[in-house]
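Predicted model only: the values in this text are computed from it and were never measured.
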Amino acid sequence: MPAASSAKVWLAAGLRTPFAKVDGPLASLDTIQLSVPVVKAMLAPQGPGGGARPDFAVWGTVIPNLTWSNLAREVLLDAGADPTIPAFSTIMACSTSMMGAIEAAGMVDGRGRDLALVGGVESMSRVQIGLSVALSDWIRKFQGAKTGQQRLAALGALNLKDVKLFIPKVANRVTGLSMGEHTEITAKEWGLSRADQDALALASHQGAVKGWEQGFFDDLVIPVGDTRRDTIPRKDSTLEKLAKLAPAFDRTSGKGTLTAGNSSPLTDGAAAIWVGSEAGMARLPGETPKVRIVDHEVTSIDLRHEGLLMAPAYGVPRLLARNGMTYADVGLWEIHEAFAAQVLSHIAAWESAKFLSDKAGVTTPLGAFPRDRVNPNGGSLALGHPFGATGARILSQAVKELAARPKGERAIVSICADGGQGTMMLLESA
């Protein structure tokens, strides 16, 4: 039998909820409630799966919830899916559902594991607050006391400084800095201007608005309640309006360039995609957009000495060099926009021969980066960024766009992730 790695693996476009800002129209839904409508629609006879049964499922979220451990299993059960479908959860910060697609691709072998349902979700509005670990330890010991004397002793051992709540923060555990604070450092190191960041943010909004107006998202987004489309893209955004916004992360030096306008907003939403072999793809309706996975890259860097979100600056050149390609050979670039500065720092690195050779270890000339081929239907700055859902969102968007192009055209999908990591895929139209 052929090895699993020799089987052709494909992506087929999936569905997602509209994306909405935190505490907005999706705020009442937790991660399971946000995910269930997407899974139901994916498995419905009239959905992109045409009623097909996946052989397994992968689902992920970044912000933990103590109420459940295997989110993927809970989502499938609540969605009414066949309970014999194996399901497991995954996490890799902002790359979560793209990492899920990579994991699924590694499991698809054309020998019974032919079709996987992959996705992710984030409910930034429903973050569970917990007790400090020390207080949790004390409560467990107090509950385990069997006599009044033991309970009194436990009460006497309670340290009042441990009586506090743990509120999850969007900050790196090792450095204590948020992604925005890290990216401010990167922006200064690369000399990125506020004007260039605002221009990229405006282009993202313009691309997203155009995508909605031209119907690009109509078969990628399902309604949830009264919310039928993304609520974040701004048709009235201008460079003048963006320029008036105050710095969001460096408010004291007078040199801060990251603002609410050129940074992705905290977002609620869920998204899914199909991963499968040729046999798996044959189960889906023939009109479902699909493309072939050529290669992928998972990159980690030393976040103590490199920019926190710079992993794709290393990984993308390695992916291209390994496949004998230059930037010009890629017709479509779908780059996650955590921050405009993060995207611009990646491009600056990709255009630096010194960075490529000294840092990424790529000495092959890759040419000039084609900025006009990036995110034609908007990116995370305009569409939003529900951490666990962004990977599936950006992949489905890339699949639909690429599948409509001539056979053999290629795309790069790139996502940075907190912790100094990132995932990238090289895709090809069929």
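- Counting heavy atoms of neighbouring residues, nucleotides and ligands inside a 6.0 Å radius, atom CZ of Arg53 exceeds 12 of them.
- Between the Asn172 side chain and the Leu177 main chain, no donor and acceptor come within less than 3.5 Å of each other.
- Taken to the nearest 0.5 Å, the OG1 atom of Thr299 stands 12.0 Å off from the CE atom of Met310.
- Within the 4.5 Å cutoff, the side chain of Val22 has no heavy atoms near those of the Thr267 side chain.
- One N or O on the side chain of Glu122 and one on the backbone of Gly388 form a donor-acceptor pair closer than 3.5 Å.
- Remark: Phe369 pairs with Tyr327, Trp333, Trp350 by the ring pair (Phe, Tyr, Trp, His ring centres under 6.0 Å) rule, at least two apart or across chains.
- By the 4.5 Å heavy-atom criterion applied to side chains, Thr186 and Leu309 are not counted as neighbours.
- Not a single donor-acceptor pair under 3.5 Å links the side chain of Arg283 to the backbone N or O of Gly49.
- The two residues Gly422 and Ala311 make their nearest non-hydrogen contact at N-CB, 3.6 Å.
- More than 12 non-hydrogen atoms from other residues, nucleotides or ligands lie less than 6.0 angstrom from NZ of Lys241.
- Nearest heavy-atom pair, Thr288 versus Leu284, reported as atom, atom and distance to 0.1 Å: OG1-CB, 4.1 Å.
- The backbone N or O of Ala195 lies less than 3.5 Å from no partner atom in the side chain of Asp198, so there is not a single donor-acceptor pair.
- Note that CH2 of Trp274 and CE of Met42 are 4.5 Å apart. Values are rounded to the nearest 0.5 Å.
- Between Arg16 and Asp230 there is a salt bridge, with a side-chain nitrogen of the basic residue lying less than 4.0 Å from a carboxylate oxygen of the acidic one.
- Taking 4.5 Å as the limit, some side-chain heavy atom of Pro54 sits within range of a side-chain heavy atom of Leu43.
- Residues Val58 and Gly100 approach most closely at CG1-CA, 3.9 Å, considering heavy atoms.
- Not one N or O on the side chain of Asn262 forms a donor-acceptor pair closer than 3.5 Å with the backbone of Arg194.
- The environment of CZ in Arg373 is crowded: more than 12 heavy-atom neighbours from other residues, nucleotides or ligands sit within 6.0 Å.
- Under 4.0 Å is where a charged nitrogen must lie from a carboxylate oxygen, and between Asp268 and Arg126 no such pair does.
- Listed by first and then second residue, the ring pair (Phe, Tyr, Trp, His ring centres under 6.0 Å) pairs that reach into residues 410-430 come to none, sequence neighbours excluded.
- Expressed to the nearest 0.5 Å, how far NZ of Lys400 lies from CG of Leu220 amounts to 5.0 Å.
- Screening residues 215-248 for ring pair (Phe, Tyr, Trp, His ring centres under 6.0 Å) gives Trp212-Phe217 as the qualifying pairs, with residues at least two apart or on separate chains.
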**Item:** Thr175 vs Arg304, side chain to side chain contact (heavy atoms under 4.5 Å, CB included): CA-CA, chis, key distance, verdict
**Value:** CA-CA 7 Å; Thr175 66; Arg304 296 178 178 87; 5.5 Å; no
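- Judged purely by atom type and a 3.5 angstrom limit, Ser414 has no side-chain atom pairing as donor or acceptor with the backbone of Met424.
- To the nearest 0.5 angstrom, Phe56 atom CZ is 11.5 Å from Ile85 atom CD1.
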**Prompt:** Can you list the steps and then say if Leu320 with Ile412 is a side chain to side chain contact (heavy atoms under 4.5 Å, CB included)?
**Reply:** CA-CA 9 Å; Leu320 291 175; Ile412 288 281; 4.1 Å; yes
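- Within the 3.5 Å criterion, the main-chain N or O of Thr31 finds a donor-acceptor partner in the side chain of Ser35.
- Contact of the Leu258 side chain with the Asp250 side chain is not registered, since no non-hydrogen atoms from C-beta on lie closer than 4.5 Å.
- Pairs of residues two or more places apart, or lying in two chains, that qualify as ring pair (Phe, Tyr, Trp, His ring centres under 6.0 Å) and include a residue from residues 118-139 are Trp138-Phe142.
- Looking at residues two or more places apart in sequence or on another chain, you find no salt bridge (charged side-chain N to carboxylate O under 4.0 Å, His left out) involving Asp196.
- Between the side chain of Glu334 and the main chain of Ala411, no donor-acceptor pair closer than 3.5 Å is present.
- Taken from CG in Leu266 to CZ in Phe387, the straight-line distance is 6.0 Å, to the nearest 0.5 Å.
- Donor-acceptor pairing under 3.5 Å is recorded for the side chains of Thr90 and Glu103.
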**Test log, rule side chain to side chain contact (heavy atoms under 4.5 Å, CB included), inputs Leu344 and Gln197** = CA-CA 8 Å; Leu344 292 172; Gln197 293 175 52; 3.8 Å; yes
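- When atom types are taken as modelled, the side chain of Ser429 and the backbone of Pro406 share a donor-acceptor pair closer than 3.5 angstrom.
- Residue-environment remark: NZ (Lys210) exceeds the threshold of 12 foreign heavy atoms within 6.0 Å.
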**Request:** Please report the C-alpha distance between Ser125 and Leu26 in whole Å, then the side-chain angles of each, then the deciding distance to 0.1 Å, and finally whether the side chain to side chain contact (heavy atoms under 4.5 Å, CB included) criterion is met.
**Result:** CA-CA 8 Å; Ser125 301; Leu26 303 180; over 6 Å; no
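- Residue Lys40 places its NZ atom among 12 or fewer non-hydrogen atoms of other residues, nucleotides or ligands, all under 6.0 Å distant.
- In terms of heavy-atom proximity, Leu402 sits nearest to Glu409 at CD1-O, 3.5 Å.
- With respect to the salt-bridge test (charged N to carboxylate O, under 4.0 angstrom), the residues Glu428 and Lys8 do not qualify.
- Put simply, the side chain of Met179 reaches to within 4.5 Å of the side chain of Phe339, judged on heavy atoms.
- Side-chain contact check for Pro317 versus Phe355: every heavy-atom pair is 4.5 Å or farther apart.
- Contact detail for Gly276 and Val108: the closest heavy-atom pair is C-CG1, 3.8 Å.
- What you find for Val399 and Pro289 is that their closest heavy atoms are CG1-O, 3.4 Å.
- No hydrogens or angles considered: nothing links the side chains of Asp30 and Ser123 as a donor-acceptor pair under 3.5 Å.
- Side chain of Ser264 to main chain of Ala338: a donor-acceptor pair is present (N/O by atom type, distance under 3.5 Å, no hydrogens or angles).
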**Request:** Apply salt bridge (Lys or Arg N to Asp or Glu O under 4.0 Å) to Glu184 and Lys188, showing your working.
**Result:** CA-CA 6 Å; Glu184 269 286 11; Lys188 292 178 176 65; 3.0 Å; yes
Report, one line per pair, each donor and acceptor closer than 3.5 Å where one atom sits in a side chain of residues 375-385; sequence neighbours left out.
residue, atom, partner, partner atom, Å
Asn375, OD1, Ile335, N, 2.8
Asn375, ND2, Ile335, O, 2.9
Asn375, ND2, Glu337, OE2, 2.8
Asn377, ND2, Glu401, OE1, 3.1
Ser380, OG, His336, ND1, 2.8
Ser380, OG, Arg393, NH2, 3.0
His385, ND1, Thr390, OG1, 2.5
His385, NE2, His336, NE2, 3.4

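- Counting only heavy atoms from C-beta outward, the side chains of Val39 and Trp59 approach each other to under 4.5 Å.
- Atoms CE and SG, on Met92 and Cys94 in that order, are 10.5 Å from each other to the nearest 0.5 Å.
- Ser95 is not listed as a side-chain neighbour of Gln421, based on a closest heavy-atom distance of 4.5 Å or more.
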